[in-house]
Novice: 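Shown below is the structure under consideration.
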Amino acid sequence: MKLVRPDDRGRFGDYGGRFAPETLMPALDELERAFEKAWSDPAFVQRYHDLLTSYVGRPTPQHVAGRLSEQLGLTVILKREDLAHTGAHKINNAMGQGLLVGEMGKRRLIAETGAGQHGVATATAAAYFGLECAIYMGEKDIERQRLNVYRMRLLGAEVIPVTSGAGTLKDATNEAMREWVRSVEYTHYTIGSVVGPHPFPWIVREFQKVIGEESIVQLGGTLPDVVVACVGGGSNAAGMFYPYLDLDVELVGVEAGGLGIETGKHGASIGAGSPGVLHGSRTYMLQDADGQVIEAHSVSAGLDYPGVGPEHSYFADQGMARYESVTDAEALDAVDLLARTEGIIPAIESAHAIAWVARERASLAGKTVLVNLSGRGDKDVEQIAQIRGLL
Amino acid sequence: MSADRLRELFATVRDEGRTAFLPFMTAGLPDPQLSPSVFGAIEGADAFEVGIPYSDPLMDGPTIQAAGQMALKAGTTLDRGLGIAGGVAETTGKPVIIMTYANVIFQVGPERFAGKAADVGASAVIVADLPIDEAGPIQAAVEAVGLGMVLFVAPTTDERRVAQIVAANPVFVYGVAELGVTGERKESGGHAARLSERVRALSDVPLVMGVGISTPEQASDMRPLADGVIVGSALVRAVLDAPDTDTALRDLALISRRIADALR
Ligand SMILES: Cc1ncc(COP(=O)(O)O)c(C=O)c1O
């Protein structure tokens with residue numbers, strides 16, 4: 001059953017909730033109340049949608065990828081979140097939360113980022129709304145996403161390198177949470193995916209569901225057979241899936257298979273994890289027998305995360321969506337495939353969704369498959385060139 | 001050993017008009033073999049808080065986070081951590097409080113965790129990322145085996161929540177003395193006095209202050225405000241910073257002795 005909102009404890013079935021230090025609980029309550037009020041206020045919703053139209057560039061296009069379709073023997077429709085301002089779906093949520101912060105009277109935004117897209121989106125929202133901004137980013141991700149680090153700094157944000165753990169998204173999230181515990185009186189934590197303690201998974205999904213809503217309108221009465229999106233924390237997938245949940249389509253989330261599930265080096269939290277508590281909510285996660293978090297691995301910084309949004313855990317258990325994974329190598333091949341057939345260089349994250357379609361082309365033959373192209377690959381060009389030996 | 005040990009401690013401390021010293025130390029730091037000596041070096045403790053390390057400690061600053069990582073790397077598991085806690089309880093005869101994070105408990109299951117904690121002779125459990133809203137299953141399991149549950153109150157906690165928290169019958173309330181995560185502070189944000197007043201106004205449940213208390217002066221400032229004081233990062237740092245074990249043990253003894261004296 002589709003849950004319009006989580007229950008009073010912030011649960012989607014068995015998942016979600018609020019496992020956070022007591023210091024943050026009043027801020028989470030305040031955020032929930034502020035969002036509830038704003039989201040039921042037609043004037044706020046209108047302002048949000050106006051901002052998406054005038055500033056973000058929505059609706060993003062949706063079109064049939066002709067040469068790719070021909071090559072794969074099925075119809076591929078692309079939802080072009082890569083064409084949103086700043087180059088990924090993350091901007092929908094960042095602008096939504098930025099607008100919400102105005103209602104709450106805080107003066108500073110902090111955020112975690114992996115691929116840097118959410119950091120860029122948050123820095124953009126901060127500049128737009130005139131707020132201070134600090135972005136936490138793992139040092140490994142700073143290395144592989146240098147372009148986005150420069151972008152954030154140009155936008156006036158402070159980028160704070162995180163050296164703990166593997167220096168990736170999980171560690172950046174820990175550090176941003178800890179910083180929020182320190183500065184909660186004047187800071188809003190702009191979480192970047194459908195993860196974290198309640199109400200974040202709900203808020204982020206609400207701000208991202210515009211993707212699926214637009215997509216349905218753009219299809220003009222027809223329906224695809226399958227809708228596919230990559231899953232890091234799961235925000236682009238949640239935004240795309242949510243409006244389709246009531247409809248007769250198959251939903252497939254593609255997690256990072258990394259070097260292969262069997263190697264243990266991957267980011268497939270649903271595919272190869274188990275329920276636990278990570279970053280404030282109960283959800284599928286990668287952990288050892290003692291409940292210690294296992295570091296994820298993915299070539300894509302945006303999918304390199306050992307957890308997933310609690311609503312996806314619920315979808316998975318209920319059979320409302322299916323979760324698959326593709327490897328680093330398959331995703332990199334899919335970058336080439338989309339670049340050469342369609343003239344679109346996708347983010348390596350988004351290429352995971354394309355890679356699954358390419359791998360499954362036999363079973364999908366003749367079907368119509370809608371792929372959420374969550375972001376563009378400009379940020380990844382240097383990394384890909386290095387991997388391919390072109391640099 | 002049960003929650004009663006802690007209740008007796010706070011009753012005694014109140015009778016004597018003093019404030020209890022509850023040092024925190026990460027189990028397995030710098031490695032599990034050395035833990036007995038590390039805990040043994042701490043002087044003047046009224047009860048011990050033994051931290052079972054977690055890979056992603058949201059409530060901890062850099063010092064305790066680094067200690068947890070080192071302890072995990074050195075092979076500290078839940079069972080070894082609990083074994084260390086049991087050793088502390090046995091050799092010192094003082095109450096032991098287990099501090100950890102929700103996921104460590106959920107992974108074994110609240111009942112099995114509570115059973116293991118009771119078996120090693122612990123008195124209470126603190127879970128850093130477990131607000132009262134989610135505490136139900138763990139608190140029930142912990143209390144079912146006769147241990148006490150500790151619940152947090154922070155400077156940001158509103159009156160409705162403070163009332164709810166003291167009404168849930170914690171063995172003591174952990175008053176978060178500073179906004180932010182664990183770690184040493186040069187200056188106090190001045191939240192503790194107000195926090196103490198607010199808790200005391202509603203209940204006479206024992207109140208223990210922690211977070212940001214690391215010098216004898218800071219500890220002494222808490223005397224009129226609290227039944228006990230938790231000091232963690234300053235002790236943990238003494239172990240992390242020491243060039244060798246002997247120095248670590250000597251520094252630990254010195255720092256803990258000074259803080260204990262400041263509370264007498
Ligand atoms: C382009 C792109 N797609 C997907 C993701 C993964 O996030 P989510 O699963 O929340 O959409 C990211 C994260 O940085 C991203 O930049």
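Here is how names work: the chains are called A, B, and so on, in the same order as the sequence lines, proteins then strands, and each is numbered from 1.
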Novice: Verify whether one side chain among A/Glu179 and A/Tyr189 offers a donor that lies under 3.5 Å from an acceptor in the other.
Specialist: no
Novice: Measure centre to centre between the rings of B/Phe106 and A/Phe19, then say whether the value is under 6.0 Å.
Specialist: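 Ring-ring flag for B/Phe106/A/Phe19: true, centres closer than 6.0 Å.
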Novice: Go through B/Thr157, B/Ile132, B/Val176 and name the one with the most non-hydrogen pairs under 4.5 angstrom from chain A.
Specialist: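 Ranked by contacts with chain A, first place is B/Thr157.
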Novice: Let me confirm one number: the CG-OG1 distance from B/Asp31 to B/Thr76, rounded to the nearest 0.5 Å.
Specialist: 7.5 Å
Novice: Looking only at heavy atoms and a cut-off of under 4.5 Å, which of A/Arg182, A/Lys170, A/Glu22 has the most pairs with chain B?
Specialist: A/Glu22
Novice: Is the side chain of A/Gln145 donor-acceptor paired with the backbone N or O of A/Lys140 at a distance under 3.5 Å, no angle test?
Specialist: no
Novice: Do the rings of A/Trp202 and A/His198 sit parallel, tilted or perpendicular, given the 30° and 60° boundaries?
Specialist: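 Ring orientation of A/Trp202 relative to A/His198: parallel.
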Novice: What distance do A/Asp141 atom CG and A/Thr168 atom OG1 have between them, rounded to the nearest 0.5 Å?
Specialist: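 It comes to 6.0 Å.
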Novice: Taking only heavy atoms into account, what residues of residues 51-60 of chain B are found under 4.5 Å from chain A?
Specialist: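 Listed by number, the contacting residues are B/Pro53, B/Tyr54, B/Ser55, B/Asp56, B/Pro57, B/Leu58, B/Met59, B/Asp60.
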Novice: Side chain, backbone, both or neither: which part of B/Val211 has a non-hydrogen atom closer than 4.5 Å to chain A?
Specialist: neither
Novice: Would you call the rings of A/His312 and A/Tyr323 parallel, tilted or perpendicular, taking 30° and 60° as the class edges?
Specialist: perpendicular
Novice: Keeping to residues at least two apart or across chains, list the salt bridge (charged side-chain N to carboxylate O under 4.0 Å, His left out) pairs with something in residues 295-308 of chain A.
Specialist: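 Found A/Arg144-A/Asp304.
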Novice: Enumerate the residue pairs fulfilling side chain to side chain donor-acceptor pair (under 3.5 Å) with a member in residues 225-236 of chain B, sequence neighbours excluded, ordered by first and then second residue.
Specialist: B/Arg14-B/Asp227, B/Arg200-B/Asp227
Novice: Taking side chain as everything from C-beta outward and backbone as N, CA, C, O, which of these in B/Leu72 sits under 4.5 Å from a heavy atom of chain A? Side chain, backbone, both or neither.
Specialist: side chain
Novice: Quick check on the structure: residues of residues 159-173 of chain B within a heavy-atom distance below 4.5 Å of chain A, by number.
Specialist: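 Checking residues 159-173 of chain B against chain A gives B/Arg160, B/Arg161, B/Ile165.
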Novice: Nearest 0.5 Å, please: how far is OG1 in A/Thr190 from CG in A/Asn93?
Specialist: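 A/Asn93 atom CG to A/Thr190 atom OG1 measures 8.0 Å (nearest 0.5 Å).
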Novice: Counting only heavy atoms closer than 4.5 Å, note whether A/Ala289 contacts chain B via side chain, backbone, both or neither.
Specialist: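 Backbone only.
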Novice: Could you check whether A/Glu185 and B/Thr156, counting side-chain N and O atoms only, form a donor-acceptor pair closer than 3.5 Å?
Specialist: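 A/Glu185 and B/Thr156 do not have a side-chain donor-acceptor pair below 3.5 Å.
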Novice: Verify the distance criterion only: is there a donor paired with an acceptor across the side chains of A/Gln287 and A/Ser274 at less than 3.5 Å?
Specialist: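 A/Ser274 and A/Gln287 do have a side-chain donor-acceptor pair below 3.5 Å.
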Novice: If we count only N and O atoms by modelled type, under 3.5 Å, do the side chains of A/Ser183 and A/Arg108 hold a donor and an acceptor together?
Specialist: yes
Novice: Check each atom of B/Gln65 against the heavy atoms of chain A and say whether the ones under 4.5 Å are side chain, backbone, both or neither.
Specialist: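 Just its side chain gets close to chain A.
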Novice: Measure A/Asp29 against the heavy atoms of chain B and call it side chain, backbone, both or neither at under 4.5 Å.
Specialist: side chain
